[in-house]
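Structure first, then comments.
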Amino acid sequence: MPPQPHDHAAGPSEDGTEEPGLAGAAEPGAESAAASGPESAAGFRPPPANPYAHSYPGPGFVVVEVLGEIDMATAGALGEHLDALTSAGVPQVVVDLRKVEFFDCSGLRVLCRAERRARELGGTLRLVSDRPRIHRLLRACDLLGRFPPLAELPPAPPASPGPPAAPED
C-alpha cells in the first residue's frame with residue numbers, strides 16, 4: 001500500500017514545499033486549542049484534535065474520543081494527544097474506544113504509557129468500550145485487570161457537600 005499524506009508528520013518535502021501531515025491535521029469541524037474560545041469553567045483546554053482523537057470535558061474527567069483505525073501508522077497521533085493530557089496535574093482521563101474500527105498492539109502500547117503517566121501523577125486512565133474485539137485484545141495481552149473496560153461513560157462523581165447554609169433571619 002502506498003504511503004498516504006496522513007502517514008507522516010508535516011514538514012518540508014524533498015522539493016522544499018510544505019507538506020500537510022498529522023502535525024497540522026484537524027478533525028473536520030473541530031477546533032484546535034489555539035483556535036478555540038476561552039477555557040471552560042473547569043479550566044479544561046483540550047490538546048489539538050487530530051483525525052484519530054479529540055477530547056472534551058466530562059463530569060470530573062476528560063473524555064478522549066478515539067476514532068477510526070489505531071495501528072502502527074496512527075498510534076503516534078493518539079499518543080501525542082494522550083501525552084498532552086497526562087503530562088501535568090492529576091490527570092483523570094477516560095478513553096472512549098466505541099468508535100474505533102481497528103485497534104492493535106501499537107494502540108495498547110500508547111494506552112499503557114498514558115495510564116502509567118497518569119498513575120505516576122496520582123491520576124487515572126480508564127477505557128470505555130463495548131466492542132468484543134477490544135475486550136479480546138485486552139484479555140489476550142493480559143491487560144483486562146489494568147484496563148477493565150466500561151460499557152459507557154461513567155456518571156458524574158457525587159458532589160461534595162459544601163458548607164452548611166447560614167440560617168435566614
Side-chain angles (χ1 to χ4, degrees), residues 1-9 20-33 36 40 42 44-87 89-158:
M1 177 163 78
Q4 300 296 313
H6 65 270
D7 288 341
H8 57 19
L22 285 179
E27 180 181 329
E31 297 178 352
S32 72
S36 63
S40 71
F44 173 74
R45 189 168 195 93
N50 64 55
Y52 308 103
H54 70 271
S55 53
Y56 58 91
F61 50 84
V62 175
V63 178
V64 178
E65 188 173 48
V66 183
L67 309 162
E69 297 184 1
I70 304 300
D71 56 19
M72 187 188 306
T74 61
L78 174 60
E80 289 176 8
H81 202 83
L82 290 173
D83 286 350
L85 292 170
T86 60
S87 63
V90 179
Q92 301 297 327
V93 179
V94 175
V95 180
D96 188 348
L97 299 174
R98 292 177 292 182
K99 293 185 180 179
V100 169
E101 298 165 13
F102 178 82
F103 199 85
D104 71 6
C105 292
S106 301
L108 284 181
R109 178 184 51 81
V110 168
L111 290 177
C112 287
R113 183 181 70 216
E115 188 273 339
R116 179 184 47 80
R117 287 175 57 141
R119 192 173 12 94
E120 287 173 351
L121 292 172
T124 61
L125 184 139
R126 296 175 288 172
L127 300 183
V128 174
S129 175
D130 55 4
R131 309 264 183 182
R133 67 179 176 269
I134 299 280
H135 296 207
R136 283 191 303 269
L137 179 62
L138 291 169
R139 186 178 307 109
C141 295
D142 200 25
L143 291 172
L144 271 176
R146 186 172 182 180
F147 297 112
L150 306 167
E152 57 189 41
L153 292 174

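In this text the structure is predicted, and so the values were computed from the model without any measurement.
Taking Arg116 as the reference, Glu120 meet the salt bridge (Lys or Arg N to Asp or Glu O under 4.0 Å) condition, with sequence neighbours excluded. Checked against side chain to side chain donor-acceptor pair (under 3.5 Å), Asp83 has the following partners two or more places apart in sequence or in another chain: Arg113. With sequence neighbours left out, the salt bridge (Lys or Arg N to Asp or Glu O under 4.0 Å) criterion links Arg109 to no other residue. In this view, Arg146 and Glu115 satisfy the salt bridge (Lys or Arg N to Asp or Glu O under 4.0 Å) rule, not counting sequence neighbours. Partners of Thr86 according to the side chain to side chain donor-acceptor pair (under 3.5 Å) rule, which considers only residues two or more places apart in sequence or in another chain, are Arg117. In terms of the salt bridge (Lys or Arg N to Asp or Glu O under 4.0 Å) criterion, Arg131 has no residue partners (sequence neighbours excluded). Scored by the side chain to side chain donor-acceptor pair (under 3.5 Å) test, Thr124 finds Gln92 as partners (sequence neighbours excluded).
Within the 4.5 Å cutoff, the side chain of Leu111 has heavy atoms near those of the Leu82 side chain. Contact of the Pro47 side chain with the Ser55 side chain is registered, since non-hydrogen atoms from C-beta on lie closer than 4.5 Å. Under the 4.5 Å side-chain criterion, counting only non-hydrogen atoms from C-beta, Pro149 is not in contact with Asp130.
Although no hydrogens or angles enter the test, the distance criterion places a donor-acceptor pair under 3.5 Å between the side chain of His81 and the main chain of Pro48.
Closest of all the heavy-atom pairs between Phe61 and Pro154 is CZ-O, 3.6 Å. The heavy-atom pair separating Ser129 from His135 by the smallest distance is O-NE2, 3.0 Å. Shortest non-hydrogen contact noted between Val100 and Leu67 is CG2-N, 4.5 Å.
One finds the CZ atom of Phe103 at 7.5 Å from the CG atom of Leu127 (value rounded to the nearest 0.5 Å).
Counting only residues at least two apart or on different chains, the salt bridge (Lys or Arg N to Asp or Glu O under 4.0 Å) pairs with a member in residues 96-105 are Glu65-Lys99, Asp96-Arg98. Listed by first then second residue, pairs satisfying salt bridge (Lys or Arg N to Asp or Glu O under 4.0 Å) with a partner in residues 67-76 number zero, not counting sequence neighbours.
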Walk me through whether Val110 and Ile70 qualify under side-chain contact (heavy atoms from CB on, under 4.5 Å). CA-CA 10 Å; Val110 168; Ile70 304 300; over 6 Å; no

